[in-house]
Student: 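Have a look at this one.
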There are 2 protein chains.
Amino acid sequence: MKETFIPDVVISRLPLYIQTLNRLLREGKSVVSSNELGLLLDMTPSQIRRDLANFGGFGKQGTGYDIIKLMESLREILNLNQIWKVALIGVGHIGQALINYDGFNRNGFEIVAAFEHNPGKIGKKVGNIVVRDIKNMDEEMPEMGVKIAVITVPGESAQAICDRLVKIGIRSILNYAPVNLQVPEDVQVENIDPVLKMQKMTYYLQ
Amino acid sequence: MKETFIPDVVISRLPLYIQTLNRLLREGKSVVSSNELGLLLDMTPSQIRRDLANFGGFGKQGTGYDIIKLMESLREILNLNQIWKVALIGVGHIGQALINYDGFNRNGFEIVAAFEHNPGKIGKKVGNIVVRDIKNMDEEMPEMGVKIAVITVPGESAQAICDRLVKIGIRSILNYAPVNLQVPEDVQVENIDPVLKMQKMTYYLQ
DNA sequence: TAGATTGTTAATCGATTAACAATC
DNA sequence: TAGATTGTTAATCGATTAACAATC
């Protein structure tokens, strides 16, 4: 349990701040104001200061925020100072692409296992991991210390997989299947569905 | 311009309604109440009725909503009764996975072209499209009637690609690069970044 | 008719913004 | 010191929810 309740929208924005602070750091900057950050993120300086103030005073009046210090604080708040083990279920096109995506490793998320139903894929290597039989998922995943699961199976099987994940204690699920998963309230699901985003954009087109 | 202004959050939810209505239809249902829909989508019935009421009265008191009729209306509102041509920039792992993803075609989005910088990939076939030279993007993309662009290049090149897309008249961009793109206000950008979602989830873990 | 569920209004809730004193 | 920018409060804005009359 956290000390004070912080709105979920605020938590959602912290990774964005980290991303932009990283960028500024790469560009050689060491201090940034809420105003500059706001320009880069299309947010008001007020909102940024308010968000950060939820966690204490990170800035210095007249100067702004020390980029390294702020980034370290945000990483600590989000529990990012450790390697998180991730498992993937479903080694189709998207699954394979994610295994090969280096953005996870670069940011402290390690895909340690991938499970599949298709016998033709089990035992084969994708990137540098060997595809496992989904039959063994319920035993193997907890043994490996996995805390985050990524669902990349077809929509029809997603809920069943999700139920199994919940049962073995997974509390964070990144879902690429085009389904709204039903989970207990202590389990978090984040959905990624490019079709939904496109269907939204077409409203504004033409 | 639309008749009345509808909040963007509402528009974002319409594709979700369509998704769930589709599912109910596949399950053989023909009518649904705001209450049932709410249970499937983790929303209050009030919110669903309010969202839909923005566009007129689709339901029938005492009965609920005719699924086919409601779906048709929502598809019309979102301009989904046409095939939208999509181009992809960057044929790396994610780009290739998206070309092979059938969810786009099934939902009326056709990837008609893919552009790459890497000479080793230009001219090669991925799925059933031939990878084009990014040099020719600015001429070829408008000729093909593309209205939506998907950016799957590395973060460093994303803004430059984005600028070119804006210049040739693209108004809808789905961005997979881990960067906050700067665009004029009449251009819509939707970001997909699994790392940001994971970094949010770890806040609640441990 | 009785029961169910919509469409809509008013009340509530929560998030964003503006403003400014504090302070580096 | 003068200038800049934070942290914080109060005001505003907008979205969500509850409630209920209308109506199928």
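A quick note: this is a predicted structure, and the numbers were derived from the prediction, not measured. In what follows, chains are A, B, ... by sequence order, proteins preceding strands, each numbered from 1.
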Student: Counting heavy atoms from C-beta on, name the nucleotide in dT17(D), dT8(D), dT8(C) closest to the side chain of R49(B).
Tutor: dT8(C)
Student: Measure the distance from CG on L70(A) to P on dT6(D) and round it to the nearest whole Å.
Tutor: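 Atom-to-atom, L70(A) to dT6(D), this comes out as 11 Å.
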Student: Applying a 4.0 Å non-hydrogen cut-off, can you work out what P7(A) is touching in the nucleic acid: base, sugar-phosphate, or nothing?
Tutor: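 Sugar-phosphate contact only - P7(A) comes under 4.0 Å of backbone atoms but never of a base.
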Student: Kindly express the pairing pattern of DNA chain D in dot-bracket notation, using | wherever a base pairs with another strand and counting only Watson-Crick or G-U pairs under 3.5 Å.
Tutor: ..||||||||||||||||||||||
Student: May I have the distance from I48(B) (atom CD1) to dT5(C) (atom C1'), rounded to whole angstrom?
Tutor: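 Rounding to the nearest Å, CD1 of I48(B) and C1' of dT5(C) are 13 Å apart.
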Student: Quick one: label S46(A) by what it contacts on the DNA or RNA (base, sugar-phosphate, nothing), any heavy atom closer than 4.0 Å.
Tutor: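 Base: the residue S46(A), judged by heavy atoms under 4.0 Å, touches a nucleobase.
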Student: Closer than 4.0 angstrom, basic N to acidic O: yes or no for R132(B) and E116(B)?
Tutor: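 No, this pair does not count.
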Student: Without swapping roles, check the side chain of Q19(A) against the backbone of P178(B) for a donor-acceptor pair under 3.5 Å.
Tutor: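 Pair found, side chain donor or acceptor close to backbone of P178(B).
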Student: Whole-Å distance between dG7(D) P and Q47(A) CD?
Tutor: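 Interatomic distance, CD of Q47(A) to P of dG7(D): 15 Å.
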Student: Looking at D138(B) and K167(B), is there a salt bridge between them, counting it only when a charged N and a carboxylate O are closer than 4.0 Å?
Tutor: no
Student: What parts of residues 58-67 of chain B reach DNA chain C, counting only heavy atoms under 4.0 Å away?
Tutor: F58(B), G59(B), K60(B), Q61(B), G62(B), T63(B), G64(B), Y65(B)
Student: Name every residue in residues 19-37 of chain A that has at least one heavy atom under 4.0 Å from any atom of DNA chain D, in order of residue number, or write none if there are no such residues.
Tutor: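 Listed by number, they are S33(A), S34(A).
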Student: What is the separation between atom CZ on R50(A) and atom C1' on dT6(D), rounded to the nearest whole Å?
Tutor: 14 Å
Student: Take atom CZ of F5(B) and atom C1' of dG14(D), then tell me their distance rounded to the nearest Å.
Tutor: 10 Å
Student: Would you classify V9(A) as touching base, sugar-phosphate or nothing, given that sugar-phosphate means primed atoms plus P, OP1 and OP2, and contacts are heavy atoms under 4.0 Å?
Tutor: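 Since only primed, P, OP1 and OP2 atoms lie under 4.0 Å of V9(A), the category is sugar-phosphate.
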